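Please read the structure below before turning to the comments.
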Amino acid sequence: ELEDIMLEMESSDNFCSSVNGDRDDDVTKVYDDDEANEEDVDHNRMGDSDDQDDVGLEHEEEADSEVDNDDYRDYDDLWIPSFFKEECITMDTIVDIRQFDMGKMTIEDHNHLLLDLKLSSLLPAHRKMPTTDIIQIENYRKVGIRPPHMYTTFANHCGGYDKVGFIRKDIYNQKVRMRKQHTSDASGALKYLHNLRKKDPVMYVSYTVDEGSRLQWLFWCDAESQLLYEVFGDVLIFDATYKKNKYLCPFVVFSGVNHHNQTKVYGTAIMTDETEETYVWFLEQFLEAMKGKTPCSIITDGNLAIRNAITRVMPGVFHRLCAWHLLSNALSHVRDKQVLKWLKKLMLGDFEVIEFEEKWTEMVATFQLEDNSWIAELYEKRMKWSPAHLRDNFFAGIRTTSRCEAFHAHVAKYVHSRTNLTDFVEQFQRCLTYFRYRVVVADYFSTYENEVLYATLVQVSREVCEATYCDQEAYDKMLHFLSNELRRRKSKKNSQPCFDENDNQHGDNYDGILDPVVVRTKGCGQVGIDESGK
């Protein structure tokens, strides 16, 4: 009966790997796909340094395995220096174990020297992670700190890496255990939003799944976003951005501006496609969350699916096309920088309708664009982008979706293309919290700092211009006076006093000495001037 048990144990892969010293029972080396993808980074971007961002590390499992190969070598290499190798007892398989008579063996037959104290902390039995450290790891993760930096922080607090009590791989394993508490990444994100809704009952969360029960569309907005939209929601801007999560799902932020001209977020959406029906569903969810209130105007790019969805869901809302996207498309369809200059003036300049039509006709004739289909299509859509035709609509001074692009760039500081869905939702809410705090700072500066004086002066200058531009003599006198005054102000502003250090006229007070200007290095290349004079 014992023979059968031994044979069964010998055929077990786990037993063989354990005997051979290849198995580490305390460290989970099998990462799930989510963790492997998350920690898979481009080595070319950044080095494997603990005081650099971890975004550029190689696969963490591979990087750690190199350390393991150095620290935890095969038992055959760890022979005791005081003995010859021939005297050491090696047991690699169950067959080797059966060669010895265990009953006749003494302590001296099979003993080894104790491990050095600085190495004993690497033994699996000695590596312990206290509950307080687990809580700290979770707090670090919530604010976007990566495991290598976590490990460095622990070492800094403890006085050295050997005093931490665990290795860096243990932090990754702890993250895997935390993530496995959820059945899937999508369920973890939904549970996080559900927990937020417990604290904020007004928060709106809606999602759909496909035939395979996979998350398809997700929309959410909290109570503060709804309140901001109720106050500042006359103008709505939204644009899709990409590569902000590991599933590469397009990410859309519905935003606007507040009384400080700051970008405010009204709602957030994650989608798996960009069809017309997708945008129809999101706009319907947006209206439901905002209790049916529609904006006065919407600014987006020229995406046909978005344009059709707005027409279906918000037919009475004026839709303006982003001037920046139109100018970007113009260069690829016309390939003439001079035409681009004309279009830029027509899209951003302040013209009457008649003047606009005259300049458009002149541009088409000058550059022989009569047969250009893109130019003809652009002219048909002029009611959605021409300032001359948009005078009666309110856009809060917004002509492009550049605010969306700026906000997306800020979100990229918190997430990246390998961020899983749960962390993405959590980190986005953290980013949103910071953006909302900026309003408090702006309120402070507008209340307690120096008042803005550029408005009255502008108004008086306009009245002076209106009163003098018709009279040549008064015009010349005013121009001469303003030119001299401007020259005097510039001279006073740009005055550069010289101090001789040998005279020691100012004693030891150097507070008035400012930093030097940034000098162009020799290797920066020559500087040219483009057609616009820059």
Side-chain angles (χ1 to χ4, degrees), residues 229 232-244 250-258 261-269 271 274-276 278-280 282-283 286 294-334 337 339-351 356 360 363 373-412:
Y229 180 77
F232 303 109
D234 294 328
V235 180
L236 180 64
I237 319 165
F238 65 91
D239 187 24
T241 186
Y242 310 90
K243 296 183 179 180
K244 294 295 186 293
F251 169 60
V252 178
V253 174
F254 297 87
S255 59
V257 294
N258 65 356
N261 202 30
Q262 296 175 329
T263 301
K264 307 311 299 178
V265 175
Y266 301 142
T268 313
M271 57 188 70
E274 290 189 86
T275 63
E276 179 179 331
T278 299
Y279 282 106
V280 166
F282 280 111
L283 289 176
F286 182 85
T294 58
C296 299
S297 56
I298 297 179
I299 303 175
T300 70
D301 59 15
N303 187 298
L304 182 61
I306 297 179
R307 286 159 49 191
N308 293 340
I310 293 176
T311 303
R312 290 173 54 182
V313 182
M314 304 179 183
V317 177
F318 194 89
H319 183 198
R320 180 172 187 169
L321 299 179
C322 172
W324 184 86
H325 283 89
L326 293 176
L327 291 174
S328 300
N329 294 333
L331 189 60
S332 60
H333 288 86
V334 180
K337 293 185 177 181
V339 177
L340 188 63
K341 287 184 177 181
W342 276 75
L343 289 175
K344 186 175 182 180
K345 292 180 180 178
L346 292 171
M347 290 183 183
L348 305 179
D350 187 11
F351 303 111
F356 171 85
W360 182 271
M363 179 192 70
S373 59
W374 187 86
I375 290 293
E377 182 182 355
L378 182 64
Y379 180 75
E380 293 296 327
K381 297 185 295 187
R382 65 190 181 281
M383 300 298 295
K384 294 184 177 294
W385 58 263
S386 168
H389 299 84
L390 299 175
R391 290 182 180 272
D392 297 332
N393 299 278
F394 177 69
F395 299 101
I398 303 173
R399 293 178 291 188
T400 68
T401 59
S402 58
R403 286 182 175 272
C404 297
E405 304 294 339
F407 182 79
H408 294 160
H410 190 80
V411 173

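Every heavy atom of this structure was used, including side-chain atoms; hydrogens, water molecules and symmetry mates were not. Source: prediction; values computed, not measured.
The closest donor-acceptor contact from the side chain of Arg382 to the backbone of His389 lies at 3.5 Å or more, if one exists at all. Using modelled atom types, one side-chain atom of Ser328 and one backbone atom of Trp324 make a donor-acceptor pair closer than 3.5 Å. Remark: the backbone N or O of Phe394 is paired with a side-chain donor or acceptor of Ser297 at under 3.5 angstrom. Although no hydrogens or angles enter the test, the distance criterion places no donor-acceptor pair under 3.5 Å between the side chain of Trp360 and the main chain of Leu346.
Note on ring orientation: taking the six-membered ring where Trp is involved, the planes of Trp374 and His333 are parallel (angle under 30°, cut-offs 30° and 60°).
Remark: Lys384 NZ to Ile298 CD1 distance equals 10.0 Å, nearest 0.5 Å. The CG atom of Asp239 lies 9.0 Å from the CG atom of Asn303; values are rounded to the nearest 0.5 Å. To the nearest 0.5 Å, atom CG of residue Asp350 and atom CZ of residue Arg391 are 4.5 Å apart. To the nearest 0.5 Å, atoms CG (Leu236) and CE (Met314) are separated by 6.5 Å. Taken to the nearest 0.5 Å, the CG atom of Leu327 stands 7.5 Å off from the NZ atom of Lys344. Interatomic distance, Leu321 CG to Lys381 NZ, rounded to the nearest 0.5 Å: 6.0 Å.
Here the shortest heavy-atom pairing between Ser255 and Cys404 reads OG-SG, 3.9 Å. Shortest non-hydrogen contact noted between Val411 and Phe251 is CG1-CE2, 4.3 Å. For the residue pair Ala323 and Met347, the shortest heavy atom distance occurs at O-SD, 4.0 Å. Contact record, Thr300 with His319: OG1-NE2, 2.6 Å, taken as the closest heavy-atom pair. When every heavy atom of Ala305 is checked against every heavy atom of Glu274, the shortest pair comes out as CB-O, 3.7 Å. Minimum interatomic distance between Thr401 and Ile299 (heavy atoms only, all atoms of both residues): CG2-O, 3.8 Å.
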- Would Phe318 and Leu390 count as a side chain to side chain contact (heavy atoms under 4.5 Å, CB included) if you check the C-alpha gap in whole Å, the side-chain angles of each, and the deciding distance to 0.1 Å? CA-CA 10 Å; Phe318 194 89; Leu390 299 175; 3.0 Å; yes
- Message: One pair to check against side chain to side chain contact (heavy atoms under 4.5 Å, CB included): Phe407 and Thr241. What are the steps and the verdict?
- Response: CA-CA 10 Å; Phe407 182 79; Thr241 186; over 6 Å; no
- Task: Please lay out, stage by stage, how Leu343 and Leu378 fare under the test side chain to side chain contact (heavy atoms under 4.5 Å, CB included).
- Result: CA-CA 10 Å; Leu343 289 175; Leu378 182 64; 4.0 Å; yes
- Task: Run the numbers on Asp301 and Ile306 for side chain to side chain contact (heavy atoms under 4.5 Å, CB included), then give the verdict.
- Result: CA-CA 8 Å; Asp301 59 15; Ile306 297 179; 3.8 Å; yes
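Ring centroids of Phe356 and Phe351 are separated by 6.0 Å or more, keeping the two rings apart. Aromatic ring centres of Phe238 and Phe254 lie closer together than 6.0 Å.
For the ring-ring contact (aromatic ring centres under 6.0 Å, His included) test, residues two or more places apart in sequence or in another chain that qualify with Phe232 are His259.
Side-chain atoms of Asn261 and Arg403, non-hydrogen and from C-beta on, do get closer than 4.5 Å to each other.
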